[in-house]
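In what follows, a structure is listed as structure tokens, so that the remarks can point back to it.
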Amino acid sequence: RYCHVNVPDELLRDLLPGPVTLVLQRSEELNKDLNPFTSLVGVRIPNHSFMRDLARACSGPLALTSANISSKGSTLTVSEFQDLWPQLSLIVDGGPIGDIWSPECRLGSTVVDLSVSGKFSIIRPGCALTPTVEILRQKYGLVPESS
């Protein structure tokens, strides 16, 4: 609904839900103010039941950002970004979003651009780089965009 999907549905099922953000061409239905300087949009379906329930309860897309300062490690609990609370209108605590003792969980999602048919480009390695690249290359025959 909000993007043009140019990959097989099975590929989507292999990567989502999970710690992967897919970058695709934005559809005409998505408000251009959400990402005004590009025709691309990142789509993520987290493997976290609270966030999926919240998304289902909303009638439109959720525009979210990580609760951390850019280039800092991802926060996994609401208490970890307490210094940002005064700047926020609403904080919802759905519980930890990963293993708080795992350094990999703090890397954020792997962000992969799939907007060019038959190719992929890693925008951010994130926590699921190796399995994501294996799925894209070995199972679906996609090649890195620089090739």
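In what follows, every heavy atom counts, from backbone to side chain, and hydrogens, waters and symmetry copies are set aside. Along the sequence shown, residues carry numbers from 1.
Without hydrogens or angle criteria, N6 side chain to L114 main chain gives a donor-acceptor distance under 3.5 Å. Side-chain atoms of Y2 do not come within 3.5 Å of backbone N or O of N31 as any donor-acceptor pair. A donor-acceptor contact shorter than 3.5 Å is absent between the side chain of W85 and the backbone of I91. Side-chain N or O atoms of T110 include one that pairs as donor or acceptor with a backbone N or O of P125 at under 3.5 Å.
Residues P19 and C127 form a side-chain contact, since some pair of their non-hydrogen atoms from C-beta on lies under 4.5 Å apart. Under the 4.5 Å side-chain criterion, counting only non-hydrogen atoms from C-beta, P8 is not in contact with R13. At least one side-chain heavy atom of L136 sits less than 4.5 Å from a side-chain heavy atom of L15. Under the 4.5 Å side-chain criterion, counting only non-hydrogen atoms from C-beta, C3 is not in contact with Q25. The shortest distance between side-chain heavy atoms of S115 and L24 does not fall below 4.5 Å. Looking only at side-chain heavy atoms (C-beta outward), L142 and L11 come within less than 4.5 Å of each other. Annotation: side chain of V112 is not in contact with side chain of I123 (no heavy-atom distance under 4.5 Å). In this structure, T132 and L129 have side chains that are not in contact, with every pair of non-hydrogen atoms separated by 4.5 Å or more.
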- Task: Could you go through the side-chain contact (heavy atoms from CB on, under 4.5 Å) check for R52 and I45 one step at a time?
- Result: CA-CA 7 Å; R52 292 201 319 263; I45 302 172; 3.6 Å; yes
- Query: Could you walk me through whether L40 and D113 pass the side-chain contact (heavy atoms from CB on, under 4.5 Å) check?
  - Reply: CA-CA 9 Å; L40 303 176; D113 184 338; 3.8 Å; yes
- Given the rule in the side-chain contact (heavy atoms from CB on, under 4.5 Å) test, do F50 and V92 qualify, once you have shown the distances and angles that lead to the verdict? CA-CA 10 Å; F50 173 80; V92 179; 3.1 Å; yes
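With sequence neighbours excluded, the residues satisfying side chain to side chain contact (heavy atoms under 4.5 Å, CB included) with S109 are T21, R44, V111, R124. Under the side chain to side chain contact (heavy atoms under 4.5 Å, CB included) criterion, L12 pairs with V5, V7, D9, L22, not counting sequence neighbours. Listed by chain and number, the residues in a side chain to side chain contact (heavy atoms under 4.5 Å, CB included) with S102 are D99, E104, C105 (sequence neighbours excluded). In terms of the salt bridge (charged side-chain N to carboxylate O under 4.0 Å, His left out) criterion, residue partners of E29 (sequence neighbours excluded) are, by chain and number, R1. Taking the side chain to side chain contact (heavy atoms under 4.5 Å, CB included) definition, one finds that R106 meets it with L76, E80, I100, sequence neighbours left out. By the salt bridge (charged side-chain N to carboxylate O under 4.0 Å, His left out) test, E28 is found to be paired with no residue, residues two or more places apart in sequence or in another chain being considered.
Contact record, A128 with P131: O-CD, 3.5 Å, taken as the closest heavy-atom pair. Here the closest non-hydrogen pair linking H4 and S27 is NE2-CA, 3.5 Å.
Using a cutoff of 4.0 Å between basic side-chain nitrogens and carboxylate oxygens, K139 and E134 are not scored as salt-bridged.
If you take OG on S121 and NZ on K119, they are separated by 10.5 Å, rounding to the nearest 0.5 Å.
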